[in-house]
Amino acid sequence: MEPQPLRTQTPLAYRGVIATLRPVLARVTRQEWSGGEHLPESGGFIVAGNHISEIDPFMVAHYLVNHGWAPRFLAKSGLFEIPLVGRALHSLGQVPVYRGTRKASDSLRDAADAVAGGDCVVIMPEGTLTREPGMWPMKAKNGVGRLALMTGAPVIPIAQWGVQNLLPPYARRPRGLLSRHAMHVRAGAPVELADLVGRTDSAAATEATERIMTALTEVLAEIRNEEPPAERFVWDGKSRP
């Protein structure tokens with residue numbers, strides 16, 4: 001598809017990254033994209049994505065940028081502490097996530113402010129690469145549900161598949177750069193949360209998160225043309241598959 005003009009004010013540094021990386025990604029991968037009609041034409045919104053490779057954000061960002069949205073990602077705070085990397089993330093307007101600290105709520109507040117300002121904010125609700133043996137979405141943290149209920153903004157599930165062929169889970173180096181692996185990225189319809197918006201109790205956040213993850217899994221199942229597991233995988237926080 002022909003790239004669409006960006007709909008929001010975007011830092012010059014971000015535009016520079018887009019101009020540099022978009023041609024590279026277009027050259028080393030094949031874009032099998034669909035569902036763009038579900039993305040809002042204007043106004044802030046939330047994207048919930050699945051997480052199977054360390055370079056997932058690049059593929060989701062490529063999809064969104066070509067549809068006119070320069071996304072802001074919620075990223076682990078540790079990345080912001082790495083020299084140069086942290087400075088770059090700040091200059092690109094990305095949002096640090098401080099898990100398990102007193103500053104944890106700051107991340108959601110900053111993300112909510114970005115959505116209120118008309119930005120597209122991307123969160124990968126699982127918080128880490130999926131440990132589900134078949135690489136299906138596993139049980140997520142409730143941050144995405146809380147953010148959705150705080151803002152009342154549309155939540156768009158975006159599933160992607162194929163990136164694991166370019167950079168497998170836990171791998172440090174890409175493979176098959178000359179093979180032009182197909183990157184399947186699909187947006188689904190906004191998740192229905194109207195009956196929960198405005199509630200602040202944990203039960204509502206849990207329910208919102210589960211609806212979002214169910215929608216995300218359904219979109220991924222359409223891409224893969226497979227049936228997902230009947231029960232969502234729960235990771236113990238330690239072991240790998």
Side-chain angles (χ1 to χ4, degrees), residues 45-54 56-57 59-60 71-79 94-101 104-112 115 120-161 163-164 169-170 185-193 195-197 199-224 227-241:
F45 64 101
I46 300 163
V47 165
N50 60 319
H51 202 4
I52 55 179
S53 168
E54 296 288 0
D56 293 338
M59 301 308 162
V60 174
R72 297 179 64 178
F73 284 83
L74 272 73
K76 296 176 182 178
S77 59
L79 295 175
Q94 308 309 298
V95 182
V97 177
Y98 301 94
R99 294 198 186 99
T101 72
S105 60
D106 293 350
S107 305
L108 289 183
R109 185 174 62 249
D110 292 344
V115 172
C120 164
V121 172
V122 179
I123 181 170
M124 294 181 171
E126 296 159 279
T128 187
L129 299 182
T130 182
R131 267 62 171 185
E132 203 283 326
M135 290 192 281
W136 293 96
M138 59 184 182
K139 183 176 177 59
K141 303 180 185 301
N142 281 353
V144 67
R146 291 174 59 196
L147 181 60
L149 302 188
M150 286 170 63
T151 62
V155 179
I156 309 296
I158 292 186
Q160 46 92 33
W161 185 248
V163 69
Q164 74 279 3
Y170 319 115
V185 185
R186 178 178 297 186
V191 182
E192 180 54 58
L193 300 172
D195 58 314
L196 299 175
V197 170
R199 287 176 55 181
T200 58
D201 56 290
S202 59
T206 298
E207 173 63 20
T209 299
E210 182 55 29
R211 291 186 196 179
I212 292 166
M213 295 307 293
T214 295
L216 180 59
T217 303
E218 289 174 351
V219 176
L220 181 59
E222 292 172 359
I223 294 175
R224 295 175 57 169
E227 283 294 323
E231 296 184 5
R232 204 172 310 287
F233 181 80
V234 179
W235 182 46
D236 61 12
K238 300 177 182 179
S239 61
R240 291 185 178 180

Which pair of non-hydrogen atoms, one from [X] and one from [Y], has the smallest distance, and what is that distance?
{"X": "Pro137", "Y": "Leu220", "answer": "CD-CD2, 3.6 Å"}
{"X": "Leu216", "Y": "Ala48", "answer": "CD1-O, 3.6 Å"}
{"X": "Ala148", "Y": "Val155", "answer": "CB-CG2, 3.6 Å"}
{"X": "Asp56", "Y": "His51", "answer": "OD2-ND1, 2.7 Å"}
{"X": "Glu126", "Y": "Met138", "answer": "OE2-N, 2.8 Å"}
{"X": "Ala204", "Y": "Arg199", "answer": "CB-NE, 3.5 Å"}

With a 4.5 Å limit on heavy-atom distance, are the side chains of [X] and [Y] in contact?
{"X": "Pro157", "Y": "Val191", "answer": "yes"}
{"X": "Val121", "Y": "Leu74", "answer": "yes"}
{"X": "Val115", "Y": "Met150", "answer": "no"}
{"X": "Thr130", "Y": "Trp235", "answer": "no"}
{"X": "Val60", "Y": "Pro71", "answer": "no"}
{"X": "Ile223", "Y": "Gln160", "answer": "no"}
{"X": "Met135", "Y": "Pro169", "answer": "yes"}
{"X": "Met124", "Y": "Pro57", "answer": "yes"}

Return the [atom1] to [atom2] distance between [X] and [Y], rounded to the nearest 0.5 Å.
{"X": "Leu147", "Y": "Ile123", "atom1": "CG", "atom2": "CD1", "value": "6.0 Å"}
{"X": "Arg146", "Y": "Thr206", "atom1": "CZ", "atom2": "OG1", "value": "10.5 Å"}
{"X": "Glu222", "Y": "Trp161", "atom1": "CD", "atom2": "CH2", "value": "15.0 Å"}
{"X": "Met213", "Y": "Asn50", "atom1": "CE", "atom2": "CG", "value": "8.0 Å"}
{"X": "Glu54", "Y": "Thr128", "atom1": "CD", "atom2": "OG1", "value": "7.5 Å"}
{"X": "Leu193", "Y": "Thr209", "atom1": "CG", "atom2": "OG1", "value": "9.0 Å"}

Test side-chain contact (heavy atoms from CB on, under 4.5 Å) on Ile158 and Val185; report intermediate values, then the result. CA-CA 7 Å; Ile158 292 186; Val185 185; 3.6 Å; yes

Any donor-acceptor pair under 3.5 Å from Arg131 side chain to Leu129 backbone: yes

Should Val47 and Cys120 be marked as a side-chain contact (heavy atoms from CB on, under 4.5 Å) after you check the CA-CA gap, both sets of side-chain angles, and the distance that decides it? CA-CA 7 Å; Val47 165; Cys120 164; 3.9 Å; yes

